[in-house]
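To start, the structure under review is shown below, and the notes come after it.
Predicted model, so just to flag it, every value in this text is computed and none were measured. To find a chain, count down the sequence lines: A is the first, B the second, and so on, and within it residues start at 1.
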Protein chains: 2
Amino acid sequence: MKKKVSIKDIAQTVGVSTALVSYVLNNKEKEARVGKEIAQVIRDTAVEMGYQPNQIAKSLKTGKSHTFGLIVADISNPFFANLARNVEDEAKKFNYTVIFASADENAEKSQNLINILTERQVDGFIIAPAENSQDQIEALLKNNIPLVLIDRYFKGLDTNYVVTNNYEASYHAVSHLIAAGKTNIGMVAYKTDLVHMLDRKRGYLDAIKDNKLLKAKTPLIKTVDFNANQEEIAVGIRELFAQNPAMDALFFATNTLTLKGLKSLNKMQYRVPDDVAIVCFDESEAFDFFYSPLTYIEQPLLEMGKKAVQILIKNIADKKSLNTQISIPSKLIVRQSSATVKKD
Amino acid sequence: MKKKVSIKDIAQTVGVSTALVSYVLNNKEKEARVGKEIAQVIRDTAVEMGYQPNQIAKSLKTGKSHTFGLIVADISNPFFANLARNVEDEAKKFNYTVIFASADENAEKSQNLINILTERQVDGFIIAPAENSQDQIEALLKNNIPLVLIDRYFKGLDTNYVVTNNYEASYHAVSHLIAAGKTNIGMVAYKTDLVHMLDRKRGYLDAIKDNKLLKAKTPLIKTVDFNANQEEIAVGIRELFAQNPAMDALFFATNTLTLKGLKSLNKMQYRVPDDVAIVCFDESEAFDFFYSPLTYIEQPLLEMGKKAVQILIKNIADKKSLNTQISIPSKLIVRQSSATVKKD
DNA sequence: AACTTAAGCTTAAACGTTTAAACAAACAAG
DNA sequence: CTTGTTTGTTTAAACGTTTAAGCTTAAGTT
């Protein structure tokens, strides 16, 4: 086993001080006025000896790890996995390394992850914050740690964030259902006070109100727990139908809700879109294969990932920079599941 | 902004040396014979001052980063995203942090990632190796860097690895199709020499041979590029049908191939399983929603992730330990797409 | 009383870098 | 030739830890 070669080893073989080697390998020859010939020798020997800089030592000295943490709910959820991939790619362009972590919508886990990553001296965070994690975010801000919220944010907190236009997208999606002739539209969402979810509900509600569809039996919103299984969702849907047997459309607030919801509808023998039309927030590969291809809201994952990284890196470079708060529009992809269909 | 508090700060406020603080905070009081009372004072002050150890400094001193790299093809692919999640969870149990990276089945990117992570002083790697990356793996071995291959491995290389029983699973899946009465079975796979893919092909082929179904028109294997789009897969399938119009079943080698393949079949108006039965390797949420729920091979992702981490950590602790090579069985989940159906 | 042992603590070097400051030699200018 | 400037190089401290080795005092053992 070969020992790792350090700057000292190179210095020794070339016969110069470590300072010179450092200057050359960091392309600071100009500022440091290093001789042209010796610079070349140093460079060559470095290659010859297979030198790989020790980033840990570098970080310790410079106080920058060129690493940041990405905390999401669950990296195995396609929404976050795709986001993560886009973040990874964009980060690489800036020579940054990303450490992903899953907090499972759990504030305690989230705090734990923040601690671990802070100890690892990450230069900043991109976080899809869990409920009740507001104080954790505030603490980071107080410690002047660069940070960008993604997917969700906190109303009262002045932070960087990158989200999609949850309210408008929902409003638009529900309006689309109404335009298709649906008059009793239900919604299945998560039970949480996170802004993105509240916005989606508001969008639903306002669309209904603005179209004078707010009757005794509406709004038809059912909220379930983040870790609700399929059975609980089936129960929720059954309750919605009980509340208003005329329900002719369902708006699902996320892709996981949709997947479980569709399976439930299948089991209950409801037909889409004849018995009930469907629109949902976020996408899934599975939607293409549902017998009635789903109408869904496509989130701008690529843009969100890119922007978040760019904002974070700007913020790391200039900690005094003003907060950037952007909302990137989503797109409604209309397909069969929300089509106008003549009932009997 | 508060300055970060170091061991030195604690030492100063308590009025002791940094050594004492270090011993106490690392629970080495016994070995270092630290006084009971002062130890408590140190502990209390550390908490009071909000001390967070600097892992970077720790790593530099100890030579261990308590971090490892996980290199997969693409973190946004559900197969790898799920694997990643399991790896993350298991690693956390050992207080290890994971850095994920996507190599896109590209040896050059893979080498680049290995370099970056090596510079970051990861203690080891879990790698789903790309084609032509064998020499990169060999180089790591030569440098005595702990490493576990996952999903795939190299025949000639003595490394740790954790895979599923690709050959047997494929053999079993194809035998199942044969048992269901299919006699002209095609296969769509990736064009690569990676062992896992070769094994899946061998399994297919042997099942056909052993059942005396090897005729002039078989084997019906079509291979496509890793980044093949749907159109190319459609072409492949069309060619298979051209080669043998009697083809009555298709075996797809991965989930991405399946998804694109199913879309192609839909476009070409083939019905599953009546016109063509389907079985595929690996799963996807989408398979539940295909009109004819898919029969698939379920890989033991949880076990694979766990085992890989355990082996890696054992190897990090004891670099001389013998290589562990395990193959965890997959499970065939039989559903409608491979059902026996009377034709005409 | 003289010596050993134990207990409790400090010193200081080291990990692999970066970088300001000091130094030395060569050259230019008066 | 002094003095100043430029060019090329070294010195050494620092980043926040760990840990072997050393030091001091008190307590035990003859």
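Screening B:Ile316, B:Ile311, B:Asn160, B:Asn315 against B:Ser321 for a side-chain contact (heavy atoms from CB on, under 4.5 Å) leaves a single residue, B:Asn315.
Ion pairing between A:Lys93 and A:Glu90 holds under the 4.0 Å rule for side-chain N and carboxylate O. Remark: A:Lys4 does not engage B:Glu119 in a salt bridge, criterion side-chain N to carboxylate O under 4.0 Å. Between A:Glu131 and A:Arg152 there is no salt bridge, since no side-chain nitrogen of the basic residue lies less than 4.0 Å from a carboxylate oxygen of the acidic one.
Considering only side-chain N and O atoms, B:Thr62 lies nowhere under 4.0 angstrom from the phosphate OP1 or OP2 of D:dT18. Between B:Ser17 and the phosphate of C:dT10, there is a side-chain N or O to OP1/OP2 separation shorter than 4.0 Å.
Going from atom CD of B:Glu29 over to atom C1' of C:dA7 covers 14 Å, rounded to whole Å. Atom CD1 of B:Ile7 is separated from atom P of C:dA14 by 19 Å (rounded to the nearest Å). Separating the CD atom of A:Glu119 from the P atom of D:dG16 is a distance of 15 Å, rounded to the nearest angstrom. In this structure, B:Glu31 places its CD atom 15 Å from C1' of C:dA7, rounding to the nearest Å. In this structure, A:Lys8 places its NZ atom 10 Å from C1' of C:dT17, rounding to the nearest Å. Distance NZ (B:Lys28) to P (D:dT17): 14 Å, rounded to an integer number of Å. To the nearest angstrom, P of C:dA6 lies 20 Å from NZ of B:Lys36. For the pair A:Leu20 CG and C:dA20 P, the computed distance is 15 Å after rounding to whole Å.
Between B:Tyr153 and B:Tyr161, the two ring planes are parallel [angle under 30°; tilted spans 30° to 60°].
Using a 4.0 Å cutoff on non-hydrogen atoms, the parts of residues 42-61 of chain A near DNA chain D are A:Leu60, A:Lys61, ordered by number.
Checked by atom type and distance alone, the side chain of A:Arg85 never pairs as donor or acceptor with a backbone atom of B:Ser76 at under 3.5 Å. A donor-acceptor contact shorter than 3.5 Å is absent between the side chain of A:Asn143 and the backbone of A:Ile145.
Using a 4.0 Å heavy-atom distance criterion, B:Ser6 is classed as a sugar-phosphate-only contact.
By the neighbour-count criterion of 12 heavy atoms within 6.0 Å, atom CD of B:Glu138 is densely surrounded, having more than that number from other residues, nucleotides or ligands.
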Would you tabulate the nitrogen or oxygen pairs shorter than 3.5 Å linking the protein to nucleotides 21-25 of chain C?
none

Apply the test side-chain hydrogen bond (donor to acceptor under 3.5 Å, both in side chains) to residues B:Asp44 and B:Gln40: give CA-CA distance (whole Å), side-chain angles for both, the deciding distance (0.1 Å), then the verdict. CA-CA 6 Å; B:Asp44 292 347; B:Gln40 196 51 52; 3.1 Å; yes
